[in-house]
Amino acid sequence: MKLHEELPVDHRLSQVYRAGAGLCGAALLVFGFLGLSDGLPFFSTDGEKIAGLSSNGLLSLVSVVTAAVLLGGALIGGNIASTVNITVGALFVLSGFVNLALLDSSANILAFRIQNVLFSFVMGLVIATFGMYGRVSGKLPLDNPYWRRRHPGPGDRRDAPALPLGSRPADLPGPPA
């Protein structure tokens with residue numbers, strides 16, 4: 001399955017994926033550059049406060065790299081941005097759990113504190129929500145390419161034109177539009 005076949009490049013959902021990746025990527029980029037510009041020690045487990053969060057040089061570098069991935073997804077757009085958002089969001093949540101277990105230990109190489117763990121959970125959920133928007137829902141509109149892919153009708157083809165908003169094929173069950 002090729003991702004670009006599921007959702008047209010100019011579909012309105014692409015703007016949501018791009019905006020989410022761009023905004024979250026910009027916030028991480030600022031945080032990372034603030035930490036790098038302060039010349040924080042790279043492997044300090046104590047960390048110093050940057051924008052209300054504990055940071056060291058390694059966390060700042062990881063933030064810049066993650067921001068670059070998100071901003072790259074925002075530049076590409078479409079399903080790539082959506083998939084990048086979902087993946088990075090899940091990794092943020094996983095990082096929150098791992099670093100929660102490592103708090104106050106010598107293995108806390110990213111200098112996480114509880115504020116960082118909470119930030120990781122919230123940012124991960126926000127990024128993943130941007131990525132899942134329009135792809136994961138109980139009530140997708142009938143013109144949504146993900147809904148159409150899950151509910152192929154007898155006349156559905158890959159080259160069939162998209163349905164106008166608010167319309168539906170005659171062979172689908174439910175109340176008339």
Side-chain angles (χ1 to χ4, degrees), residues 1 3-4 6-7 9 11-140 144-146 150:
M1 174 171 70
L3 291 176
H4 61 74
E6 291 179 39
L7 184 67
V9 175
H11 197 275
R12 66 187 182 278
L13 289 175
S14 181
Q15 294 174 359
V16 174
Y17 308 145
R18 285 181 162 200
L23 290 172
C24 294
L28 289 172
L29 192 64
V30 168
F31 175 75
F33 278 143
L34 286 174
L36 290 174
S37 68
D38 277 355
L40 299 176
F42 233 69
F43 294 106
S44 167
T45 56
D46 295 330
E48 294 181 31
K49 290 274 187 187
I50 301 290
L53 299 173
S54 177
S55 185
N56 63 9
L58 183 59
L59 180 58
S60 297
L61 182 63
V62 168
S63 297
V64 169
V65 170
T66 304
V69 169
L70 285 170
L71 293 172
L75 286 175
I76 295 170
N79 286 331
I80 299 295
S82 172
T83 303
V84 165
N85 284 351
I86 293 169
T87 304
V88 170
L91 289 174
F92 258 85
V93 173
L94 179 64
S95 168
F97 282 116
V98 168
N99 285 294
L100 181 61
L102 296 177
L103 287 179
D104 298 327
S105 75
S106 61
N108 187 6
I109 62 171
L110 295 177
F112 261 51
R113 298 288 170 249
I114 194 67
Q115 298 92 329
N116 298 68
V117 171
L118 295 174
F119 176 81
S120 187
F121 288 146
V122 170
M123 183 64 102
L125 291 174
V126 167
I127 295 171
T129 300
F130 272 117
M132 287 187 258
Y133 183 79
R135 288 182 89 170
V136 180
S137 173
K139 295 186 179 186
L140 294 173
N144 185 296
Y146 300 106
R150 292 178 196 147

Glu48 side chain reached by Pro41 side chain, heavy atoms, under 4.5 Å: yes

Heavy-atom donor-acceptor pair, Ser105 side chain to Leu102 backbone, under 3.5 Å: yes

Leu59 backbone acceptor or donor facing Ser63 side chain under 3.5 Å: yes

Donor-acceptor under 3.5 Å (Ser95 side chain, Leu91 main chain): no

Asn56 side chain vs Ser44 backbone, donor-acceptor pair below 3.5 Å: yes

Heavy-atom closest contact (Asn108 atom, Arg113 atom, distance): ND2-NH1, 3.4 Å

Any donor-acceptor pair under 3.5 Å from Asp38 side chain to Leu40 backbone: no

Arg18 side-chain N/O to Ile76 backbone N/O, donor-acceptor pair under 3.5 Å: yes

Under 3.5 Å: donor-acceptor pair, side chain of Ser120, backbone of Val93: no

Any donor-acceptor pair under 3.5 Å from Asn99 side chain to Phe112 backbone: no

Leu100 side chain reached by Ile114 side chain, heavy atoms, under 4.5 Å: yes

Identified side-chain contact (heavy atoms from CB on, under 4.5 Å) partner of Leu28 from the options Leu71, Val69, Thr66: Thr66

ring-ring contact (aromatic ring centres under 6.0 Å, His included) partners of residues 82-111, not counting sequence neighbours, each pair once: Phe97-Phe121

